[in-house]
Amino acid sequence: SSITKPLPFIIPHTKQYRSSWIIKTGLFVYDHLGGKTVIPKSKIINLNKDFPELLKNKFNKGFQYYDLQVDDKKLTELNALDAKKNNALILEDSKVLKVERLENYWKNYLEKNQIFLSKILINASGPWVNDVANNIIKIPSKDSIRLVKGSHIILNKLYDQEVAFTLQNKDKRVIFVIPYKSNFSLIGTTEIEVNSPENPKINNAEIEYLIKSVNNYFTKQISKKDIIKTYSGIRTLFESYK
């Protein structure tokens, strides 16, 4: 069975944040960036007609585009299985203690006195990329890797339609309202720079930011008491030193 499914995204238009021609240009590039596809192209829609009473009356024009919703957990599992079929050695819960750079290969020291040689070493440690570079590989990056926290809130579903909404905000960022696990709506994400990747948690300012954005667009107003669950993650942003 497929681990992806097409999902329409709706951008309610407001002149206050971005003009129509900027959104049209962006969606035109988006439509043609991937070449030929069976996924429908973007279009202008009437929000009052297609989503009656769901959004506030001031939002009557919108843009629809498609993206794919993916089961990321399953995708990770399938990647590991495919690698194993191609003779990769998969080691779970195996901490790398240190590495040495020799003339033609890397020598990798793991827990339980395991030692492996490899021609290539890839630091794919996500938000721990700086720690691994500095303390295990001991070759600090020449570039700046920023850590940014993104937080989400989960509520009982705000609407029954199988669509997502892309909501523009005054700070020029967007957040998404996405159907989640049949009965819920997932709302996010925020963007806060942090110094450590450990134990990220949503804060009150982030909660207020997400609630305010949703309430600016939707007729049905939400509050903190509607939140069922929250989660936060750290993503890395790369920027070269000038």
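All values reported here derive from a predicted model rather than from experimental measurement.
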For atom NZ of Lys74, is the number of surrounding heavy atoms from other residues, nucleotides or ligands below 6.0 Å larger than 12? no
Asn113, CG atom: more than 12 neighbouring heavy atoms under 6.0 Å: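 No - once you tally the heavy atoms of other residues, nucleotides and ligands closer than 6.0 Å, there are 12 at most.
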Identify the two heavy atoms, one from Ile234 and one from Ser196, that lie closest to each other, and give their separation to 0.1 Å.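 Looking at all heavy atoms of both residues, the closest pair is CD1-O, 4.4 Å.
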Check: Phe165 and Val214 side chains under 4.5 Å, non-hydrogen atoms: no
Between Val96 and Tyr109, is any pair of side-chain heavy atoms under 4.5 Å apart? no
Do NZ/NE/NH1/NH2 and the carboxylate oxygens of Arg235 and Glu191 come within less than 4.0 Å? yes
Would you say the side-chain atoms of [X] pair up with the backbone N or O of [Y], donor to acceptor, closer than 3.5 Å?
X      : Y      : value
Thr25  : Ile23  : no
Arg18  : Lys172 : yes
Asn215 : Ile222 : yes
Asp226 : Ser223 : yes

Can you find a side-chain donor-acceptor pair between Glu206 and Ser151 that sits under 3.5 Å?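 Side-chain D/A pair, Glu206 to Ser151: present.
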Using a distance-only test with no angle check, is there a side-chain donor-acceptor pair under 3.5 angstrom linking Lys61 and Ser20? yes
For residues 131-140, tabulate all N or O donor-acceptor pairs below 3.5 Å that involve a side-chain atom, not counting sequence neighbours.
{"residue": "Asn134", "atom": "ND2", "partner": "Asn130", "partner atom": "O", "Å": "3.1"}
{"residue": "Asn135", "atom": "ND2", "partner": "Asp131", "partner atom": "O", "Å": "3.4"}
{"residue": "Lys138", "atom": "NZ", "partner": "Asn135", "partner atom": "O", "Å": "3.2"}

Centroid-to-centroid, Tyr30 to Tyr65, below 6.0 Å? yes
Test of ring centre spacing under 6.0 Å for His13 and Phe63: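 His13 vs Phe63: aromatic centres under 6.0 Å.
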Checking Glu193 against Lys149 for the salt bridge (charged side-chain N to carboxylate O under 4.0 Å, His left out) test, could you report, in this order, the C-alpha distance in whole Å, the side-chain angles of both residues, the deciding distance, and whether it holds? CA-CA 6 Å; Glu193 192 158 348; Lys149 180 180 67 167; over 6 Å; no
Would Leu55 and Ile11 show up in the same hydrophobic cluster when neighbours are defined by side-chain heavy atoms closer than 4.5 Å? no
Side chain to side chain donor-acceptor pair (under 3.5 Å) for Asn216 and Lys58? Distances and angles first, verdict last. CA-CA 10 Å; Asn216 182 43; Lys58 63 181 178 179; 3.2 Å; yes
Would you check, one step at a time, whether the test side chain to side chain donor-acceptor pair (under 3.5 Å) holds for Tyr159 with Ser185? CA-CA 8 Å; Tyr159 49 84; Ser185 290; 5.3 Å; no
Could I get the full list of side-chain hydrogen bond (donor to acceptor under 3.5 Å, both in side chains) partners for Ser118, not counting sequence neighbours?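 Once residues adjacent in sequence are excluded, the partners of Ser118 under the side-chain hydrogen bond (donor to acceptor under 3.5 Å, both in side chains) criterion are Asn108.
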Between Phe59 and Tyr217, how do the two ring planes meet: parallel, tilted or perpendicular, split at 30° and 60°?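 The rings of Phe59 and Tyr217 lie parallel, inter-plane angle below 30°.
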